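Heads up: the structure comes next, in structure tokens.
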Amino acid sequence: MARISASVYTSHVPAIGAAIDHGKTGEDYWKPVFAGYDFSKQWMKDNKPDVIFLVYNDHATAFSLELIPTFAIGTAAQFKPADEGYGARPVPTVIGHPELASHIAQSVIQDDFDLTIVNRMDVDHGLTVPLSLMCGQPEAWPCPVIPFAVNVVQYPVPSGRRCFQLGQAIRRAVESYDEPLNVQIWGTGGMSHQLQGARAGLINAPWDNAFLDRLIADPAGQSEVPHVEYVREAGSEGIELVMWLIARGAMSDVAGGPAPMVRHRFYHVPASNTAVGHLILENG
Amino acid sequence: MARISASVYTSHVPAIGAAIDHGKTGEDYWKPVFAGYDFSKQWMKDNKPDVIFLVYNDHATAFSLELIPTFAIGTAAQFKPADEGYGARPVPTVIGHPELASHIAQSVIQDDFDLTIVNRMDVDHGLTVPLSLMCGQPEAWPCPVIPFAVNVVQYPVPSGRRCFQLGQAIRRAVESYDEPLNVQIWGTGGMSHQLQGARAGLINAPWDNAFLDRLIADPAGQSEVPHVEYVREAGSEGIELVMWLIARGAMSDVAGGPAPMVRHRFYHVPASNTAVGHLILENG
Amino acid sequence: MALDKPYVDIPGTTIFDAEQSRKGYWLNQFCMSLMKAENRVRFKAGERAYLDEWPMSEAQKQAVLDRDLNRAISLGGNIYFLAKIGATDGKSFQQMAGSMTGMSEEEYRDMMIRGGRSPEGNRHLGEDGDAQPQHQPQGAAGRKNKEA
Amino acid sequence: MALDKPYVDIPGTTIFDAEQSRKGYWLNQFCMSLMKAENRVRFKAGERAYLDEWPMSEAQKQAVLDRDLNRAISLGGNIYFLAKIGATDGKSFQQMAGSMTGMSEEEYRDMMIRGGRSPEGNRHLGEDGDAQPQHQPQGAAGRKNKEA
Ligand SMILES: [Fe+3]
Ligand SMILES: [Fe+3]
């Protein structure tokens, strides 16, 4: 039986990817950002999963306005890093896990989540920056990755509650898979940031930290918070944080297990326009 | 306030479209099929809606295996009839209703249905054959149409229960639209047919008629019937009938209103490989 | 995998689930390519060469060349995709469906006019209906086999 | 329409909902076209001619030519799409975001290093924060306007 061993949460700021790709991680501006992931890189080595289920959002890369899936699961054998207008990031191709991905798709669709199944998709910084932050610059990513894209660009985006319930369905799906795989689930995006208008650059550190507290201790409560609070308090693009609730919903305590262990917590301002938040929770 | 005035149910056999397009409706084979729609054409003239919300499935036309949405709503201004390999059907372009479609999308996504929004899509016989059956061969379709495509090709397809609940959410969405539009909802596909293997040609008239009875009188009960019964009793492609539950779920009686009036009921075997079923229900 | 497949005991019926879809991915995507007129022309001009452009298995290619739809389905094909081959050949859906039963075109059409195939004996593997494996091929072809 | 839009009272913030998306459809799809290197080259070689290939409004085209992102957003643009214009110009996301505040690149970057823009006074229209309409443009540009 497969199981989810841990969940990882992190911002996926494109400028972080650019800093890595252009060798700027040692600059004063970037040093404190990457220092926050030193523990995480070692933890990844010590806790290498068999598969990462990576929740992220596409930023008008694979999906234009022609077609906008609320939830899209990648069931292909591989996914190429996308050219987002600056050329593709020089990072490894993402190897998928078609069997587990199809199994999860089948299970959660039968559980009344109306997924879109995708067999051809390039993946943008939303997916590759978290991998870079957690794994550095390897020749190949340490394990297969199942991309799971959430629409947070065109409203309405799925509610926090829906995301949290989906996470629970994903846990059930993983646990009904026969092979004994060690699966991590990652939630990415956020923390507070706004990329538009006169309010661009908004950062709300107290709110972000309260979100982290509550994500750890009261995720069900956090999942009831409406979108408009995210936008008002954490900026229009802070809405990405609803994706963290998918990963959190997949942890065992939500289904009656013991509380997860907080292995790592990090918060820093700024990275480009954004606050950087990061958590590692292990199932007890 | 917009409202759903009636629901229409009909098979969408491609050979019916070919018979219309090639002027064969008067042949002995086809006469009884089209006779079953004489009432319906007059009823359409007497009860012309402002918009048709048309539930159908794509048959490997707009969606290949690259991307398979469970539920896709067309929010574009128009949709072209597709070339399914024999050239496009010589029927009018389908004019959409972007405002109402977007409104419904927004409302049902907030109601926890994870739609895919589509702004560019050709529509196949699943959508155009019902229009031909109900409207004949006009220069233009009588009103705008919102295409709503359901995955019934790759398993798992959405459950009958999920479809029935979606219909209820669509009714709520329509009724929260400010303009006083008269909306019909159509459910298409079915009845019993199997297009594959040694069991091709399966027709189960008693089962089909029991389905029609129960769709009218006990749709909630019918919605609990599992997929495998449809496949076993009504053939592998009989599974399309789950789409009728979306239209049925949108009728007022499901939300406590009076029972719908059965304005027309028709059943005939065969059309090509398929049993043809047809119902018109009006809200009381 | 532990997910239920309650549909595997239905005779003559293959459910196109995720596993079949994975197996038949390129076979089906090849079929989709035939929705473009220029590809139909190229395919007809040289079927083998056209098929060799696709990462399909040899068995899948052979099933296409043989127009053996049952075999194509067992190799991951789905009928709505495979129908593009029939469309390229100018065949109707009834001709395609009939071809999978072993019946002649006429036999199959007549069966449909008489009300179609009965579900009796065809619901579960192990019963004795005409769609069961022990009764293939159907129609005159089957009777001839028996006599031989 | 009767659906709630609880987000319209946030200053300096446009939520990209279905209505905005409909308004900005071709503006955003034009932006998507810039993800292809050959289109970026063609756009740069003649912006007006390239824009004229798209069924955009004149106001949308002018907003693109002016690189006026605030105006583009008010006309239905979404920042993730509009960012492709910035990428074509070789601008970073920080430069693009900053350009919408009226601040200079340096002023905006310094604000971020100091911890970003405070939410205080910027949660609801009618408060007195730096993102409110009455305080635009921000930075030296705004102070100059006031003095004048
Ligand atoms: Fe993001
Ligand atoms: Fe159909």
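Residue numbering restarts at 1 for every chain, and letters A, B, ... go by the order of the sequence lines. In this text the structure is predicted, and so the values were computed from the model without any measurement. Because only heavy atoms are used, hydrogens play no part in the values below, and waters and symmetry mates are left out as well, while side chains stay in.
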Checklist entry - Are side-chain heavy atoms of W207(A) and P119(D) found at a separation under 4.5 Å? => result no
Item to check | Winner by heavy-atom pair count (cut-off under 4.5 Å) against chain D, out of L65(A), D83(A), I68(A), T61(A) | outcome: L65(A)
Checklist entry - Hey, what do you get for CG (N78(D)) to CG (L195(A)), rounding to the nearest 0.5 Å? => result 9.5 Å
Checklist entry - Can a donor-acceptor pair be found between the side chains of D58(A) and Y80(D) at a distance below 3.5 Å? => result no
Next on the checklist: What's the separation between atom CZ in F81(D) and atom CD in Q154(A), rounded to the nearest 0.5 Å?
Outcome noted: 8.0 Å
Checklist entry - Should Q194(A) and R117(D) count as side-chain neighbours, where that means a heavy-atom distance under 4.5 Å? => result no
Item to check | Which portion of R109(D) sits near chain A, non-hydrogen atoms under 4.5 angstrom | outcome: neither
Item to check | Flag if over 12 foreign heavy atoms under 6.0 Å of CZ, R120(A) | outcome: no
Checklist entry - Would you say R199(A)'s side chain and N122(D)'s backbone share a donor-acceptor pair under 3.5 angstrom? => result yes
Next on the checklist: Using 0.5 Å steps for rounding, measure from the CG atom of L202(A) to the OG atom of S118(D).
Outcome noted: 7.5 Å
Checklist entry - Around atom CD of E66(A), are there more than 12 heavy atoms of other residues, nucleotides or ligands at under 6.0 Å? => result yes
Item to check | Within 6.0 Å of CD in E224(A), more than 12 heavy atoms from elsewhere | outcome: yes
Next on the checklist: Could you report the tightest heavy-atom contact between A97(D) and N273(A), atom names first, then the distance?
Outcome noted: CB-OD1, 3.2 Å
Next on the checklist: If I take atom CD from residue E19(D) and atom OH from residue Y155(A), how far apart are they, to the nearest 0.5 angstrom?
Outcome noted: 15.5 Å
Next on the checklist: Can you give me the closest heavy-atom contact between P14(A) and F93(D), atom names plus distance?
Outcome noted: CG-CD1, 4.2 Å
Checklist outcome for this item: Looking only at M111(D), R40(D), Q138(D), the option with the highest number of non-hydrogen pairs under 4.5 Å against chain A is R40(D)
Next on the checklist: Are the side chains of M112(D) and T274(A) in contact, using a 4.5 Å heavy-atom criterion?
Outcome noted: no
Checklist entry - Sub-3.5 Å donor-acceptor pair from the side chain of Q136(D) to the main-chain atoms of A198(A), do we have one? => result no
Checklist outcome for this item: The interface call for M103(D) against chain A, heavy-atom contacts under 4.5 Å, is neither
Checklist entry - Would a 4.5 Å heavy-atom cut-off, applied to side chains only, mark R232(A) and H124(D) as touching? => result yes
Item to check | Sidechain-backbone polar pair: K36(D) side chain, G85(A) backbone, donor-acceptor under 3.5 Å | outcome: no
Item to check | Polar contact flag, side-chain donor to acceptor under 3.5 angstrom, S272(A)-Q94(D) | outcome: no
Checklist outcome for this item: When every non-hydrogen atom of R123(D) is compared with those of N204(A), the smallest separation belongs to NH2-ND2, 3.8 Å
Checklist entry - What option among P226(A), S192(A), S236(A), S64(A) has the most heavy-atom pairs under 4.5 Å with chain D? => result S64(A)
Item to check | Donor-acceptor contact present, side-chain Y29(A) to main-chain I113(D), <3.5 Å | outcome: no
Checklist entry - Out of T101(D), T88(D), I15(D), N28(D), which one racks up the most heavy-atom pairs below 4.5 Å with chain A? => result I15(D)
Next on the checklist: Could you go through F63(A) and M32(D), starting from their C-alpha distance and side-chain angles, then the distance that decides it, and tell me whether this counts as side-chain contact (heavy atoms from CB on, under 4.5 Å)?
Outcome noted: CA-CA 10 Å; F63(A) 302 116; M32(D) 281 305 277; over 6 Å; no
Item to check | Residues in residues 65-73 of chain D near chain A [non-hydrogen atoms, under 4.5 Å] | outcome: N70(D), I73(D)
Checklist entry - In terms of side-chain heavy atoms, does Q196(A) have a donor or acceptor partner in T13(D) at a distance below 3.5 Å? => result no
